[in-house]
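Heads up: numbering here begins at 1 and tracks the sequence. The structure displayed is predicted, hence computed values, not measured ones.
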Amino acid sequence: KRILLNCHRQAGKTLSASIMILHQFVYFPGSLTIVISPSERQSKELLLKVTKLMPFLGDDAPKLTEENKLSLTATTGSRVVSLPSSEATVRGFSGVALIVEDEASRVPDDLYRAVRPMMATSGGKMILMTTPFGKRGHFYEEWVGDADWLRIEAKAPECTHFTPGFLDAERGALGEWWFKQEYLCEFVETTDQVFSYDSVMQAISDDVQPLFL
């Protein structure tokens, strides 16, 4: 029901999510899938990958009553809707069967909190996928938290289509900070951070009484 994909760049997470979206769209009539990304352009790209997979279904390919850059609707009543990255404009959907959040480390936290209640009555599935972007935000909190998520990590050195020479060149070109995030899936401190995340957390205690109520 809850999946976190912490994967290196070009790992195939978007293609994998597209297949899951198409499976939901085709084989669960009347279902609603929501796609969110940091930008409308990225949401459109994910939806485009879904449409490019349809010919592979042959006779099982769904017949569409609506197809545009932001939504798909099948004759079965199934829908896929890509939403803009704005908490104020995503409200109003309910009974969502599948929510896919692309580049989740860069999606605003208020948008994540706004879409979760959409699954309240459906018991739907949620997939958050991304490369890390510092020790911050809802994806990081869910990754290190205790909530019941299936956590999947894929690092570039484990991927057969990257040569050691390419990764060495990328480390030199990007620098250690970016390379650790983009290819090693590490949550590193933000570039403008004065105190480390661990130092801040260690300085907080519930046992200390506030000076002012």
Side-chain angles (χ1 to χ4, degrees), residues 1-25 28 31-39 42-43 45-47 49-50 53 80-87 90 93 95-120 122-162 177-190 193 196-198 200-201:
K1 291 292 186 179
R2 303 288 181 268
I3 302 174
L4 297 176
L5 299 178
N6 178 16
C7 303
H8 64 82
R9 295 290 297 276
Q10 302 300 310
K13 55 186 179 294
T14 302
L15 177 59
S16 299
S18 300
I19 293 171
M20 296 183 74
I21 292 169
L22 185 57
H23 183 268
Q24 182 72 42
F25 184 63
F28 293 85
S31 64
L32 173 60
T33 297
I34 298 294
V35 177
I36 57 175
S37 301
S39 69
Q42 289 166 303
S43 294
E45 283 297 314
L46 184 51
L47 195 62
K49 282 184 169 63
V50 173
L53 289 172
V80 181
V81 180
S82 293
L83 298 177
S85 181
S86 171
E87 177 272 336
V90 301
F93 292 93
V96 178
L98 174 63
I99 294 177
V100 176
E101 187 180 281
D102 194 14
E103 296 299 338
S105 64
R106 298 170 186 268
V107 169
D109 292 341
D110 58 354
L111 178 57
Y112 169 69
R113 297 187 183 103
V115 299
R116 282 190 63 106
M118 296 177 182
M119 303 179 295
S122 63
K125 178 181 291 185
M126 174 173 257
I127 303 171
L128 309 185
M129 56 185 187
T130 192
T131 51
F133 189 51
K135 294 182 176 181
R136 58 186 170 191
H138 62 273
F139 184 85
Y140 172 71
E141 292 169 359
E142 298 289 12
W143 184 261
V144 301
D146 299 326
D148 186 18
W149 291 84
L150 172 62
R151 294 168 175 83
I152 300 174
E153 183 179 75
K155 299 182 179 182
E158 303 165 352
C159 181
T160 56
H161 65 249
F162 287 147
W177 189 83
W178 277 108
F179 183 81
K180 285 182 176 180
Q181 294 187 125
E182 300 287 82
Y183 291 103
L184 301 182
C185 304
E186 294 184 18
F187 295 90
V188 296
E189 311 293 346
T190 57
Q193 201 161 322
S196 71
Y197 177 87
D198 291 337
V200 174
M201 291 298 101

Give, for atom [atom1] of [X] and atom [atom2] of [Y], the distance between the pair rounded to the nearest 0.5 Å.
| X | Y | atom1 | atom2 | value |
| --- | --- | --- | --- | --- |
| W178 | L184 | CH2 | CG | 14.0 Å |
| F25 | L53 | CZ | CG | 12.5 Å |
| L47 | K49 | CG | NZ | 11.0 Å |
| C185 | W143 | SG | CH2 | 8.0 Å |
| R136 | D109 | CZ | CG | 10.5 Å |
| I99 | L83 | CD1 | CG | 9.0 Å |

Does any N or O in the side chain of [X] come within less than 3.5 Å of the main-chain N or O of [Y], such that one atom is a donor and the other an acceptor?
| X | Y | result |
| --- | --- | --- |
| S31 | A97 | no |
| Q181 | G134 | yes |
| E182 | F179 | no |

Practice item. Please test I36 against V115 for side-chain contact (heavy atoms from CB on, under 4.5 Å), starting from the C-alpha separation and ending with a verdict. Key: CA-CA 9 Å; I36 57 175; V115 299; 4.0 Å; yes

Any heavy-atom pair between the side chains of [Y] and [X] that's under 4.5 Å?
| X | Y | value |
| --- | --- | --- |
| F187 | V144 | no |
| I127 | M20 | yes |
| N6 | F139 | yes |
| I34 | V100 | no |
| T130 | R106 | no |
| L150 | L4 | no |
| L128 | I3 | no |
| V35 | I21 | yes |

Requested in this report: Give the ring-plane orientation class for Y112 versus H138, where under 30° counts as parallel, over 60° as perpendicular and anything between as tilted.
Outcome: parallel

Kindly give the heavy-atom pair with the smallest separation between [X] and [Y], and that separation in Å.
| X | Y | value |
| --- | --- | --- |
| V188 | W177 | CG2-NE1, 3.3 Å |
| M129 | D102 | CE-OD1, 3.4 Å |
| T131 | C7 | CG2-O, 2.7 Å |
| L46 | S18 | CD1-OG, 3.2 Å |
| E142 | W149 | OE1-NE1, 3.0 Å |
| G124 | K1 | O-CD, 3.9 Å |

- [ ] Look at atom CZ of R9 and say whether more than 12 heavy atoms of other residues, nucleotides or ligands are closer to it than 6.0 Å.
- [x] no

Which of V81, L98, V50, L22 passes side chain to side chain contact (heavy atoms under 4.5 Å, CB included) with T33? Answer is L98

Any donor-acceptor N or O pair under 3.5 Å, side chains [X], [Y]:
| X | Y | result |
| --- | --- | --- |
| H8 | E153 | no |
| S43 | S37 | yes |
| Q10 | Y183 | no |

